Colleague: 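For reference, the structure I am asking about is given below.
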Amino acid sequence: MLKSLNTSKWYDPLWAALIFFTRLPFWRLHQPPRESFAAVVEYWPLTAWLTGGITALAVYFGSSIFGMPVALILAFALRLLLTGALHEDGLADFFDGFGGGGSDRARILAIMKDSHIGTYGVLGLVVYELLLFATLTRLTPFDAMLTIFAGDAFSKMVAGQLIQMMPYARTEEEAKNRTVYRRIGFKSAIGLTFQGLLPLVPFFFFLHARAPWELMLGLPCVVMYFLYLLIWRRLRGYTGDCCGALCLLVELSFYLTASVFLTPLLP
């Protein structure tokens, strides 16, 4: 382990994040040491610059060819391919565990680790995808492009705080990927904040007159806080599924908030 640490490069955690959070073949170019994967959350929003950027551009340009509804479906199908549905898998496990496990911590963890999807997981994903589609359909292609790019990175920055707020709920041996995320240091926290906030610059530059930043940023953080309380009360710790679920639910709350301010009121 010591030898591996000594040979680690500064870019290994970034490379590990690209390998972990996407299905693009970055591993063919470089294979970072295993301990680098403990730091992938520190570059989580940066991976959204890639996946969220591609999704946003697919919506914008696809809408001129297929129309907004079809463009959204194709764009988010593309994001599922880019990410391997990693976060959606976590969201389904989260709904199954917290829906079917009651207040029994051990049962919740066992359900979340089960690879089979249950009723709560199916219903949760269906409702999530319908809300996602209905919300973004209300926006213009340009507004949707800026909202998706900003919301993807911002939600990952916010969800990444979970590993700072509570311990891991399992042991490293029980983890699905055999990795426990390390706590984020001061320098890494600055980098994480920069990665999550920079995509908001074009969003507020073009849309600030219609989208107040206090609510656009505040309401998703409120959603994250109440989800944190739920997870802490039931598990007293987080799992990778919890991180993925928080990411998507915070992102959805960002889109819902944007749709309120960016869509003209119906007569």
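Quick caveat, the model's predicted, so the values are computed rather than measured.
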Colleague: Quick one: closest heavy-atom pair of Ala159 and Cys243, and the distance?
Modeller: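 Where Ala159 meets Cys243 most closely, the heavy atoms are CB-O, 4.0 Å.
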Colleague: Do you know which two heavy atoms are closest between Ala258 and Leu139, and how far apart they sit?
Modeller: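 Looks like O-CD2, 4.3 Å.
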Colleague: According to side chain to side chain contact (heavy atoms under 4.5 Å, CB included), who are the partners of Pro32, at least two apart in sequence or on a separate chain?
Modeller: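 Per chain and number, Pro32 pairs via side chain to side chain contact (heavy atoms under 4.5 Å, CB included) with Asp12, Trp15, Ala16, Ile19, His30, Ser36, Phe37.
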Colleague: Checking the side chain of Ser63 only, and the main-chain atoms of Tyr60 only, is there a donor and an acceptor separated by less than 3.5 Å?
Modeller: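 Here the side-chain-to-backbone pair exists.
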Colleague: Cluster question for you: counting only ILVMFWY and a side-chain heavy-atom cut-off of under 4.5 Å, with indirect links fine, are Leu24 and Tyr11 together?
Modeller: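 No.
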Colleague: What are the two closest non-hydrogen atoms of Gly237 and Ile231, and how far apart are they?
Modeller: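 The answer is O-CG2, 3.3 Å.
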Colleague: Run the side chain to side chain donor-acceptor pair (under 3.5 Å) test against Thr140 and tell me which residues pass, sequence neighbours left out.
Modeller: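 Checked Thr140 against side chain to side chain donor-acceptor pair (under 3.5 Å); matches are Asp143.
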Colleague: Can you tell me how far the CG atom of Leu125 sits from the CD1 atom of Ile117, to the nearest 0.5 Å?
Modeller: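 The distance works out to 5.0 Å.
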Colleague: How long is the gap from CZ on Phe204 to CE on Met216, to the nearest 0.5 Å?
Modeller: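 Here the interatomic distance stands at 5.5 Å.
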Colleague: Does Trp213 CH2 have over 12 foreign heavy atoms under 6.0 Å away?
Modeller: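 No, not enclosed.
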Colleague: So, taking the atom named CZ in Phe194 and the one named CG in Leu46, what distance separates them when rounded to the nearest 0.5 Å?
Modeller: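 Spacing of CZ (Phe194) from CG (Leu46) equals 9.0 Å.
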Colleague: Are Val122 and Phe94 joined in one hydrophobic group, where the rule is that I, L, V, M, F, W and Y side chains link up if heavy atoms are under 4.5 Å apart?
Modeller: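 Per the 4.5 Å side-chain linkage, Val122 and Phe94 are co-clustered.
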Colleague: Mind checking whether Val70 and Leu81 sit in one hydrophobic cluster, side chains of I, L, V, M, F, W, Y counted as touching below 4.5 Å?
Modeller: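 In one cluster: no.
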Colleague: Got a donor-acceptor contact below 3.5 angstrom from the Ser64 side chain to the Phe61 backbone?
Modeller: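 Flag set: sc Ser64 to bb Phe61 pair under 3.5 Å.
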Colleague: Under the rule for side chain to side chain donor-acceptor pair (under 3.5 Å), what residues qualify as partners of His208, not counting sequence neighbours?
Modeller: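 Applying side chain to side chain donor-acceptor pair (under 3.5 Å) to His208 gives none.
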Colleague: Can any side-chain N or O of Arg233 pair as donor or acceptor with the backbone N or O of Ser103 at less than 3.5 Å?
Modeller: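 Judged by distance alone, no pair lies under 3.5 Å.
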Colleague: For residues 218-229, which side-chain N or O atoms pair as donor and acceptor with protein atoms under 3.5 Å away, sequence neighbours left out?
Modeller:
none

Colleague: Show your reasoning for whether ring-ring contact (aromatic ring centres under 6.0 Å, His included) applies to Phe142 and Phe206.
Modeller: CA-CA 10 Å; Phe142 182 74; Phe206 288 103; 5.4 Å; yes
Colleague: More than 12 heavy atoms of other residues, nucleotides or ligands under 6.0 Å from CD of Gln164: yes or no?
Modeller: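 Check passes, neighbour count above 12.
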Colleague: I want to know whether Phe26 and Phe20 have ring centres closer than 6.0 Å.
Modeller: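 No.
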Colleague: Main chain of Leu131, side chain of Thr135: is a donor-acceptor contact present, judged purely on distance under 3.5 Å?
Modeller: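 Confirmed, Thr135 side chain pairs with Leu131 backbone.
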Colleague: Does Arg170 use its side chain to pair, donor to acceptor, with the backbone of Leu109 at less than 3.5 Å?
Modeller: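 The answer is yes, because a donor-acceptor pair under 3.5 Å joins these two groups.
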Colleague: Cluster question for you: counting only ILVMFWY and a side-chain heavy-atom cut-off of under 4.5 Å, with indirect links fine, are Phe21 and Leu50 together?
Modeller: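 Both belong to a single hydrophobic cluster.
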Colleague: With rounding to the nearest 0.5 Å, note down the distance linking CG in Leu86 to CG in Leu80.
Modeller: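 The CG atom of Leu86 sits 11.0 Å away from the CG atom of Leu80.
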Colleague: Treat each ILVMFWY residue as a node, draw an edge where side-chain heavy atoms are under 4.5 Å apart, and state whether Tyr255 and Tyr128 are in one component.
Modeller: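 Yes, it is one cluster - the side chains of Tyr255 and Tyr128 are joined through contacts under 4.5 Å.
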Colleague: Would you say the side-chain atoms of Arg183 pair up with the backbone N or O of Ile163, donor to acceptor, closer than 3.5 Å?
Modeller: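 Indeed, once roles are kept as given, a pair shorter than 3.5 Å links the two residues.
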Colleague: Got a donor-acceptor contact below 3.5 angstrom from the Arg210 side chain to the Leu262 backbone?
Modeller: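 At least one qualifying donor-acceptor pair exists.
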Colleague: Just verifying a value: how many Å separate Leu78 CG and Leu57 CG, rounded to the nearest 0.5 Å?
Modeller: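 Result: 10.5 Å between the selected atoms.
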Colleague: Can you run down the salt bridge (Lys or Arg N to Asp or Glu O under 4.0 Å) pairs that involve residues 62-88, sequence neighbours left out, and say none if there aren't any?
Modeller: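 Output for this query lists Arg79-Asp152, Arg79-Glu251.
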Colleague: On the 0 to 90° scale, with breaks at 30° and 60°, tag the Tyr181-Tyr238 ring pair as parallel, tilted or perpendicular.
Modeller: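 Tyr181 and Tyr238: parallel rings.
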Colleague: Strictly distance-based, threshold 3.5 Å: is any side-chain N or O of Arg182 a donor or acceptor partner for the main-chain N or O of Glu35?
Modeller: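 Absent.
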Colleague: Nearest 0.5 angstrom please: Leu252 CG to Leu132 CG, how far?
Modeller: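 Here the interatomic distance stands at 6.5 Å.
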Colleague: Between the side chain of Asp96 and the main-chain N/O of Met112, is any donor-acceptor distance below 3.5 Å?
Modeller: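 It does not hold such a pair.
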Colleague: Main chain of Gln195, side chain of Trp49: is a donor-acceptor contact present, judged purely on distance under 3.5 Å?
Modeller: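 At least one qualifying donor-acceptor pair exists.
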Colleague: Applying side-chain contact (heavy atoms from CB on, under 4.5 Å), run through Leu246 and Leu249 and close with a yes or a no.
Modeller: CA-CA 5 Å; Leu246 254 69; Leu249 294 175; 5.8 Å; no
Colleague: Applying side chain to side chain contact (heavy atoms under 4.5 Å, CB included), can you list everything that pairs with Pro212, at least two apart in sequence or on another chain?
Modeller: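 Partners of Pro212 by the side chain to side chain contact (heavy atoms under 4.5 Å, CB included) criterion, ordered by chain and then number, come out as Glu214, Leu215, Phe261.
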